[in-house]
Amino acid sequence: MTTPGPGPAAADPPAPVLLIEPAEGTPDVVTDLDALTRASSRIASGHGPIAVDTERASGYRYSQRAYLVQVRRQGSGTFLVDPVAVDDQVDSLIDALAADEWVLHAASQDLPCLADLGLRPAKLFDTELAGRLAGFERVALGTLVELLLGYRLEKGHGAADWSRRPLPIDWLNYAALDVELLIQLRDALEEELRVQGKLEWALEEFEALRTAGPPPPRKEPWRRTSGIHSVRTPRGLAAIRALWEARDGMARERDIAPGRVLPDSAIIQAASVNPADEQALLQLPVFKGRAQRRLAGPWMRALRAAAQLPKSELPDPSPPADGPPPANRWADKDPEAAARLAAARTALNKIAEENRLPVENLLQPDLLRRTCWQPPADLDTDTVAATLRAGHAREWQINLVVDAVSAALKATAG
């Protein structure tokens, strides 16, 4: 087993230096193909890893597309690319970024919209994930930059509407600062991981993240409507589904975040009250507004369609779960499985503490639950290792936990 070093230094650092704008000034936004070709050529002529970030408009738009792509490289500088302005024709940027390692913070948030543009890394370093593996309790970009580099980033626009044009100067500074120190942060974290004996673990994690691909679509996404637990009847759930699907169609067509078309709370209230007609619907608080009055017809049609469904087409209040039941029910449903899970959690918590790791990064909680709920027939370490590997555990994780998990699977109730 690899023995970690002492972990992040605990000495009091000097007061951080506040960065309000990039050291080289605010970059111009690249908005045409000629400018993108020139920028791509400069990026390609630089050296070393490439810092990459994106800005989306998740709370404002239906799509999760990138409205701005930030790139920085030693010897090249910082570039802010507007992919919308160039109709997503970023071939020259794809070529410029193809050869070297990308550095992102919380890469899982950015990789999907970058892939939509044809931008995919050949090698990846995720500074947020590196911070977790290095044992830092807080791993926000600004926090790590302050702790490791002694700078404080000007923040405040991450949740802004990045589809807005033109983008204000302070937003552009914020976007550029997100990649300003990313390479230096990467180097500091790499050294921290090397000191702790965890660098190979991190590299394995980065590669798994890079090659993971998009998650499969949810089978019934409407079931994630906030507050749905308060509606228990099949007919009420059908109303929620109908309103959710109507809202989703409008949001997609207009490219507006669904919650801005109709909030979840309004869907739940309408499904619970079951208004008899448009007039009754318009008496409900959210539906009294001018925007909702214009849409009363579509909402009411959705509710009526749900009300007329035959029983055979109503949603199941308790659909079969994809995986084991919630762990708090195991003691009643399967005491032996509950004993296995308790033993495994205790063992993994100890291993995580010894290695200065969040336990969820030591082994995915869902994989642990599935393994304890339905363990392999043979509980020897080779078979357990194969089971964990089939569940996409990385080799470093398997090496750390396989003995403990194998022993826990032999635990019995009482």
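The model shown is predicted, which means the values in this text are computed figures rather than measured ones. Below, all heavy atoms of this structure are taken into account, side chains as well, without hydrogens, waters or symmetry copies.
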Are side-chain N/O atoms of Gln364 and Glu360 paired as donor and acceptor at under 3.5 Å?
no
Is Arg223 atom CZ crowded by more than 12 heavy atoms from other residues, nucleotides or ligands, each under 6.0 Å away?
yes
Flag the pair Glu207 and Lys123 as a salt bridge only when some basic side-chain nitrogen lies within less than 4.0 angstrom of an acidic carboxylate oxygen.
no
Does Gln74 use its side chain to pair, donor to acceptor, with the backbone of Gly46 at less than 3.5 Å?
no
Take atom CD in Gln64; do more than 12 heavy atoms of anything else shown fall under 6.0 Å from it?
yes
Identify the two heavy atoms, one from Pro317 and one from Pro234, that lie closest to each other, and give their separation to 0.1 Å.
CG-CG, 3.7 Å
Closest non-hydrogen contact found for Arg254 with Val261 is NH1-CG1, 4.4 Å
Show, in sequence, the C-alpha distance, side-chain angles and deciding distance for Thr371 and Arg369, and conclude whether the side chain to side chain donor-acceptor pair (under 3.5 Å) test is met.
CA-CA 5 Å; Thr371 304; Arg369 287 192 296 269; over 6 Å; no
Where the side chain of Asp32 meets the backbone of Asp34, is there a donor-acceptor pair that is under 3.5 Å apart?
yes
Pairwise side-chain contact, Ile256 with Tyr60, heavy-atom cut-off 4.5 Å (strictly under):
no
For the residue pair Tyr151 and Pro16, establish whether any side-chain heavy-atom pair is separated by less than 4.5 Å.
no
Do side-chain atoms of Arg61 reach the backbone of Ala257 as a donor and acceptor pair under 3.5 angstrom?
no
Would Arg72 and Glu24 pass as an ion pair if we require N to O under 4.0 Å?
yes
Is the shortest heavy-atom distance from the side chain of Val86 to the side chain of Asp82 under 4.5 Å?
no
Under a plain distance cut-off of 3.5 Å, with no hydrogens placed, do Asp403 and Ser406 share a side-chain donor-acceptor pair?
no
So, His105 and Asp126: side-chain donor and acceptor under 3.5 Å apart, yes or no?
no
Result of checking Lys198, Arg394, Arg210, Arg132 against Glu205 for salt bridge (Lys or Arg N to Asp or Glu O under 4.0 Å)
Arg394
With a 4.5 Å heavy-atom cut-off, do Leu111 and Leu124 have their side chains touching?
yes
Look at atom CD of Glu204 and say whether more than 12 heavy atoms of other residues, nucleotides or ligands are closer to it than 6.0 Å.
yes
Could you walk me through whether Trp396 and Trp201 pass the ring-ring contact (aromatic ring centres under 6.0 Å, His included) test, one step at a time?
CA-CA 6 Å; Trp396 73 268; Trp201 302 358; 4.8 Å; yes
Measuring only between side-chain heavy atoms, which start at C-beta, is Trp373 closer than 4.5 Å to Pro325?
yes
Atom CH2 in Trp244, atom CD1 in Ile240: separation rounded to 0.5 Å?
12.5 Å
Taking atom types as modelled, is there a side-chain donor on Asn173 or Thr26 under 3.5 Å from an acceptor on the other?
yes
Can a side-chain donor-acceptor contact be found between Ser163 and Asp161 if the only test is distance below 3.5 angstrom?
yes
Side chains of Tyr62 and Asp248, donor plus acceptor under 3.5 Å:
yes
For Lys288, I'd like to know if atom NZ has over 12 heavy atoms of other residues, nucleotides or ligands within 6.0 Å.
yes
Minimum side-chain heavy-atom gap Asp28-Leu80 below 4.5 Å
no
Does any non-hydrogen side-chain atom of Phe136 lie less than 4.5 Å from one of Leu189?
yes
Between Val231 and Leu237, what is the shortest heavy-atom contact and its length?
O-CD2, 3.6 Å
Side chains of Gln70 and Glu55: is there a donor and an acceptor less than 3.5 Å apart?
yes
State whether a side-chain donor-acceptor pair under 3.5 Å links Arg42 with Ser76.
no
Are the side chain of Thr383 and the backbone N or O of Leu379 linked by a donor-acceptor pair below 3.5 Å?
no
Gap between atom CZ of Arg120 and atom CG of Leu97 - 0.5 Å precision
13.0 Å
Is there a donor in the side chain of Arg38 and an acceptor in the side chain of Ser40, or the other way round, less than 3.5 Å apart?
no
How many angstroms lie between atom CG of Leu133 and atom CG of Asn355, to the nearest 0.5 angstrom?
11.0 Å
Donor-acceptor contact present, side-chain Thr225 to main-chain Ile228, <3.5 Å:
no
With a distance cut-off below 6.0 Å to the six-membered ring centre and an angular limit of 45° from the axis, does Arg164 pair with Trp171 as a cation-pi contact?
yes
Please give me the minimum heavy-atom distance between Leu341 and Ala327, naming the atom from each residue.
CD2-CB, 3.8 Å
Do Asn349 side-chain atoms and Arg345 backbone N/O form a donor-acceptor pair below 3.5 Å?
yes
Value for CG (Leu119) from CG (Asp110), rounded to nearest 0.5 Å, stands at 11.5 Å
Decide, yes or no, whether a salt bridge links Glu336 with Arg340 under the criterion of side-chain N to carboxylate O below 4.0 Å.
no
Carboxylate-amine/guanidinium proximity below 4.0 Å for Arg241 and Glu220:
no
Are Glu191 and Arg194 close enough, and set up right, to give a salt bridge (Lys or Arg N to Asp or Glu O under 4.0 Å), and what steps lead you there?
CA-CA 5 Å; Glu191 180 58 25; Arg194 181 178 287 109; 3.2 Å; yes
Any side-chain heavy atom of Arg247 sitting closer than 4.5 Å to one from Asp264?
yes
